[in-house]
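Residue indices begin at 1 and follow the sequence shown.
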Amino acid sequence: MVAMSLPADYGYVVLTGVGAIFMVMWKGVRVGQARKKYGVEYPEMYSKDSMVFNCIQRAHQNTLENLPQFFFLLTMGGFSHPLVSSCGGWVWIAGRVVYAIGYSTGEPKKRVRGAFGYLGLLTLLGCSVHTAIQTI
C-alpha cells in the first residue's frame with residue numbers, strides 16, 4: 001500500500017472545494033425558484049417565454065460545465081501551493097457568483113462582470129503546472 005501525505009495547509013484547499021459546492025448548490029436553488037416563478041416544468045431545460053429564466057438556468061449550467069476542470073486544477077495546484085491555490089479558488093468562486101448575479105438580470109452581457117474569476121483559474125493552472133514539473 002502506498003502512503004500519501006498532504007502538504008501543510010492543504011485543509012484550505014479542501015475548504016475551497018467545499019465552498020465551490022455550496023456555490024453550485026446556491027445556483028441550483030435559484031434555478032428551482034425560477035422554475036416556479038416562470039412556470040418552467042421538468043424536464044424542460046429552457047423556457048420559450050422567459051429570457052430571465054433561461055439566463056438563470058444558463059448561469060448554473062455553465063458553472064457545472066466548468067466545475068470538473070476547477071476541481072482538478074484546485075486539487076493538483078494545492079499539492080505544491082495550497083494557500084495560493086485556495087486563494088485562486090476563492091477568486092474563481094467569487095467570479096462565478098458575480099457572473100450569476102449579472103446573468104440573472106436577463107441581460108446576458110452583464111455576466112461578463114464575473115470574468116475576473118478567470119484570474120483565479122489561471123492561478124490554479126499555473127500552480128498545477130508547477131506541481132507537474134516538480135513531480136517529473
Please name the pair of heavy atoms, one in Met51 and one in Pro108, separated by the smallest distance, quoted to 0.1 Å. CE-CG, 4.3 Å
Taken to the nearest 0.5 Å, the spacing of Leu15 CG from Phe22 CZ works out to 10.5 Å
Tell me whether Val98 shares a hydrophobic cluster with Tyr103, the cluster being built from Ile, Leu, Val, Met, Phe, Trp, Tyr side chains joined at under 4.5 Å. no
Least distance between heavy atoms, Thr16 atom then Ile93 atom: O-CD1, 3.5 Å
Are the side chains of Phe79 and Leu6 in contact, using a 4.5 Å heavy-atom criterion? yes
Take Val91 and Tyr118 through the test side-chain contact (heavy atoms from CB on, under 4.5 Å) and record every step on the way to the result. CA-CA 8 Å; Val91 169; Tyr118 285 105; over 6 Å; no
Just how far is it from atom CZ of Arg111 to atom OG1 of Thr105, taken to the nearest 0.5 Å? 10.5 Å
Can you tell me how far the NZ atom of Lys37 sits from the OG atom of Ser50, to the nearest 0.5 Å? 8.5 Å
Under the side-chain hydrogen bond (donor to acceptor under 3.5 Å, both in side chains) criterion, do Thr63 and Lys27 qualify, and how do the steps go? CA-CA 9 Å; Thr63 299; Lys27 287 185 176 189; 2.4 Å; yes
Side chains of Tyr38 and Asp49: closer than 4.5 Å at any heavy-atom pair? no
Using 0.5 Å steps for rounding, measure from the CZ atom of Arg113 to the NZ atom of Lys110. 5.0 Å
Does Val24 belong to the same Ile/Leu/Val/Met/Phe/Trp/Tyr cluster as Trp90, with side-chain heavy atoms less than 4.5 Å apart forming each link? yes
Using a distance-only test with no angle check, is there a side-chain donor-acceptor pair under 3.5 angstrom linking Arg96 and Asn62? yes
Among the clusters formed by ILVMFWY side chains lying less than 4.5 Å apart, do Leu64 and Phe72 turn up in the same one? yes
Does Tyr12 belong to the same Ile/Leu/Val/Met/Phe/Trp/Tyr cluster as Met23, with side-chain heavy atoms less than 4.5 Å apart forming each link? no
Hydrophobic clustering (ILVMFWY, side-chain heavy atoms < 4.5 Å, transitive) - are Met45 and Val40 grouped together? no
Shortest non-hydrogen pair, Leu73 vs Leu121, comes out as CD1-CD1, 4.0 Å
Val112 versus Lys109: any side-chain heavy-atom pair under 4.5 Å? no
Return the OG to CD distance between Ser104 and Gln57, rounded to the nearest 0.5 Å. 11.0 Å
Side chain to side chain contact (heavy atoms under 4.5 Å, CB included) with Ser85: which of Leu124, Thr123, Thr75? Leu124
Surrounding OH of Tyr10 (heavy atoms of other residues, nucleotides or ligands, distance under 6.0 Å), is the total greater than 12? yes
Considering all heavy atoms, the nearest His60-Gly28 contact: CD2-N, 3.4 Å
Kindly say whether Leu83 contributes a backbone atom to a donor-acceptor pair with the side chain of Asp9 at under 3.5 angstrom? no
Ser80 versus Gln134, closest heavy-atom pair with distance: OG-OE1, 2.6 Å
Cation-pi geometry met for Arg35 and Phe53 (6.0 Å, 45°): no
Roughly how far apart are Arg30 CZ and Met25 CE, rounded to 0.5 Å? 15.0 Å
If the threshold is 4.0 Å, N to carboxylate O, is there a salt bridge linking Glu65 and Arg58? yes
Take atom CZ in Phe116; do more than 12 heavy atoms of anything else shown fall under 6.0 Å from it? yes
